[in-house]
Each structure stands twice: as C-alpha cells, then as structure tokens.
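Right, one structure below, let's go through it.
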Amino acid sequence: QVQVVESGGGSVQAGGSLRLSCAASGRMFVINDMGWYRQAPGKQRELVATITRGGTTNYADSVKARFTISRDNAKNTVYLQMSDLKPEDTAVYYCCAYVARLARSDLEVWGQGTLVTVSS
C-alpha cells in the first residue's frame, strides 16, 4: 500500500557531504513522523534523526550539528543533509515513514536502505 525508497547514498571522503532522500508513495496515506536510521556492520540499527509532520526534529548526539533532517509534506519526502562526514558514519541508512492508520497505531514502513561509505 505504501512504499518508501531511499536514494543518495555513496562513497565520500571524510569531511565530505551527502544528501539522502526518501520518497513515500502509495494510495490514500498520511505520514506522521519520518525518520532516518542507520546500521553499521555488526551493530544494531540506531536512530539518526526524526522529524514530525509539523517539523519538530530530533537528532542522535553523534550527528548533531552535522546532519539536518527536513521534509516536504507535499512530496511525501524526507531528506537527510549530511556534512562533515566521518568514517564512523559509514552504514546503511534506512528511512522509515510512520503512516497514520484509523483507530490504530502508526504503521512503520521501511525503505530498502542506501549505503553510505566514508573513507579517511
């Protein structure tokens, strides 16, 4: 019913920048929160940043002041602008859309992930 697709990953040198995009598509849906998560090899998936439909943001301490999450509700798209990338940012980045449902909790819809590799 609803799908999300990430794009924009790639390989960069430390100190570089990347902009990730995540577009949601489907029929008759409303997204509440959207978030970016990442998973490095051998590690648990962790929260990177979230944004509510009203624009309230939250960031992991490790990315504060370097990453910026934003969204375009008209396009059902969330972005993650990453700057001053560090090798420890290397991970598969996943987008999650929290889709509103009638009389039920939000449905978590996850994308397939996009790989970000930061070399020193």
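Cys22 is not listed as a side-chain neighbour of Val5, based on a closest heavy-atom distance of 4.5 Å or more.
Expressed to the nearest 0.5 Å, how far CZ of Arg71 lies from OG of Ser21 amounts to 14.0 Å. Annotation: the span from Leu18 atom CG to Gln81 atom CD amounts to 8.5 Å, rounded to 0.5 Å. Taken from CE in Met34 to SG in Cys96, the straight-line distance is 8.5 Å, to the nearest 0.5 Å.
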Check the pair Arg27 / Gln1 against side chain to side chain contact (heavy atoms under 4.5 Å, CB included), numbers first and verdict last.
CA-CA 6 Å; Arg27 295 182 179 181; Gln1 180 65 33; 3.2 Å; yes

For a side chain to side chain contact (heavy atoms under 4.5 Å, CB included) check, start with the C-alpha distance between Phe29 and Asn76, then their side-chain angles and the critical distance, and finish with the verdict.
CA-CA 10 Å; Phe29 67 94; Asn76 290 314; 3.4 Å; yes

Candidate pair Asp33 and Thr50, rule side chain to side chain contact (heavy atoms under 4.5 Å, CB included), full reasoning:
CA-CA 7 Å; Asp33 298 347; Thr50 60; 5.6 Å; no

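When the side-chain hydrogen bond (donor to acceptor under 3.5 Å, both in side chains) test is applied to Gln112, the partners found at least two apart in sequence or on another chain are Glu6. Under the side chain to side chain contact (heavy atoms under 4.5 Å, CB included) criterion, Ser25 pairs with Gln3, not counting sequence neighbours. Taking Arg53 as the reference, Asn32 meet the side-chain hydrogen bond (donor to acceptor under 3.5 Å, both in side chains) condition, with sequence neighbours excluded. Taking Arg19 as the reference, nothing meets the salt bridge (charged side-chain N to carboxylate O under 4.0 Å, His left out) condition, with sequence neighbours excluded. Among residues two or more places apart in sequence or in another chain, the side chain to side chain contact (heavy atoms under 4.5 Å, CB included) test is passed with Val118 by Val12, Ala14, Leu85, Pro87, Asp89, Thr90, Val116. Residues that satisfy the salt bridge (charged side-chain N to carboxylate O under 4.0 Å, His left out) test with Glu46, not counting sequence neighbours, are Arg38. Remark: Thr57 engages Ile51, Tyr59, Ile69 in a side chain to side chain contact (heavy atoms under 4.5 Å, CB included) (not counting sequence neighbours).
Pairs engaging residues 96-115 under the salt bridge (Lys or Arg N to Asp or Glu O under 4.0 Å) rule: none recorded [sequence neighbours left out]. Residues in residues 60-92 take part in no ring-ring contact (aromatic ring centres under 6.0 Å, His included) pair, two or more places apart or across chains. Every pair passing salt bridge (Lys or Arg N to Asp or Glu O under 4.0 Å) that includes a residue from residues 72-84 is listed here, sequence neighbours excluded: Asp84-Lys86.
Taking Ile, Leu, Val, Met, Phe, Trp and Tyr as members and joining any whose side-chain heavy atoms lie under 4.5 Å apart, directly or through other members, Val30 forms no hydrophobic cluster with any other residue. Residue Trp110 belongs to a hydrophobic cluster whose other members are Tyr37, Leu47, Val92, Tyr94, Tyr98, Leu115, with links defined by side-chain heavy atoms closer than 4.5 Å.
Within a 6.0 Å radius of CD in Gln44, no more than 12 heavy atoms belonging to other residues, nucleotides or ligands are found.
Side chain of Ser83 to main chain of Ser17: no donor-acceptor pair is present (N/O by atom type, distance under 3.5 Å, no hydrogens or angles).
In terms of heavy-atom proximity, Val4 sits nearest to Ala24 at CG1-CB, 3.7 Å. Across all their heavy atoms, Gly9 and Leu20 have their closest contact at N-CD2, 3.5 Å. Heavy atoms only, all atoms of each residue included: Ser120 and Gln13 are closest at O-OE1, 3.6 Å.
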